[in-house]
Amino acid sequence: MNEKHILGIDIGGTGMKGAIIDIETGELLTARLKIPTPQPPTPQAMSKVFGQLINGIGYKGDIIGCGFPAIVKNGVAQSAANIHKDWIHQDIQKLFSEVSNCQVHALNDADAAGMAEMKLGSGKGVEGTVIMITIGTGLGSALFSKGQLLPNTELGHFKMHGQIAEHYAANSVRKRLELSWEEWGNRFNEYLTHLQFLFSPDLFILGGGVCKKIELYEQYLTLETPIKKATHQNNAGIIGSAIYAAEKSWVKTF
Ligand code: BGC
């Protein structure tokens, strides 16, 4: 197995997906396999699906990167906004390493997506402050200064109108409340405007499935900060996870 071909897994509130990645180019070397996140999303049920992904992809390497939708410190989950509360304080790396017989390196899912975009996508070469927001079941965030990640920022969790921001402006809210693109676009604009005020970023990168449809809501985004969609769209999490695993296991990548 080529040491630069690493399996990246991206775990979200609705789907668990993975592919083998060429960590130098970001290319997907296998078709992306996606399995719905089991309900309820408990550690046991999700570990089982993790194993199914490895088998389904037919991965023969021994290192896996895993983006996980929670605060992740030293491979341990510290929060559980859109997954089962039993995840809190669970050692993600240990659980998934056991089920896959591989060395698993876990990080926050949005941090993973941000890493891919900074190394191989829309943030490449941007020296200032970059904020990536992944728009999905929740709102994930990755904050970079001079290319350096400040992990676990959780910028989807400050309060807006008495509720956490992701309960006001995530894509799941648009779907659940059947908001028009204008209604949702205005909410999302309000969210980004607040981030702009707090961090004065040089660039916003938008990720998650809904970034593909940016032409439906970009007219409602009135920010001064430039906005780009993620080059790797919703594969950014898979790609960044693989890059992270490579860096963690000291494979020289860049
Ligand atoms: C979680 C974050 C995660 C984001 C996107 C939020 O609910 O708190 O950790 O990055 O969803 O999945």
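Order of appearance sets the numbers: ligands from 1, and atoms from 1 within every ligand.
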Exercise for the section: Output all residues satisfying side-chain hydrogen bond (donor to acceptor under 3.5 Å, both in side chains) with N189, sequence neighbours left out; order by chain, then residue number. Expected result: T222
Handout entry: Numbering as shown, the atoms of ligand 1 that approach A81 to under 4.0 Å (heavy-atom distance)
Key = 7 (O), 8 (O)
Handout entry: Proximity to ligand 1 by part of A70, non-hydrogen separation under 4.0 Å
Key = backbone
Handout entry: Sub-3.5 Å N/O-N/O distance, N82 and ligand 1
Key = yes
Handout entry: ligand 1-proximal atoms of N108, by part, heavy-atom distance under 4.0 Å
Key = side chain
Handout entry: Minimal non-hydrogen separation, L107 against V72, with atom names
Key = C-CG2, 3.7 Å
Completion exercise
Exactly one of L149, V126, D111, T129 clears side chain to side chain contact (heavy atoms under 4.5 Å, CB included) with F144, and that residue is L149
Problem - Those atoms of ligand 1 less than 4.0 Å from some heavy atom in H157 - result: 1 (C), 6 (C), 7 (O), 8 (O)
Problem - Pair Y220 + W181: ring centers closer than 6.0 Å - result: no
Handout entry: Test log, rule salt bridge (charged side-chain N to carboxylate O under 4.0 Å, His left out), inputs E24 and K4
Key = CA-CA 7 Å; E24 282 183 326; K4 294 186 177 156; 3.3 Å; yes
Exercise for the section: Compute the shortest N/O to N/O distance between D109 and ligand 1 and return yes if it is under 3.5 Å, no if not. Expected result: yes
Exercise for the section: Could you list the residues that satisfy salt bridge (charged side-chain N to carboxylate O under 4.0 Å, His left out) with K17, not counting sequence neighbours? Expected result: D10
Problem - Nearest non-hydrogen protein atom, atom 4 (C) of ligand 1 - result: G140 CA, 3.6 Å
Practice task
Just need the protein heavy atom nearest to atom 1 (C) of ligand 1, so name the residue and atom and give the distance.
Solution key: E154 OE1, 3.6 Å
Practice task
Check each atom of ligand 1 against the heavy atoms of E166 and keep those under 4.0 Å away; list them by number with element.
Solution key: 6 (C), 7 (O), 11 (O)
Handout entry: Plane angle bin for F158 and Y191 - parallel if under 30°, tilted between 30 and 60°, otherwise perpendicular
Key = parallel
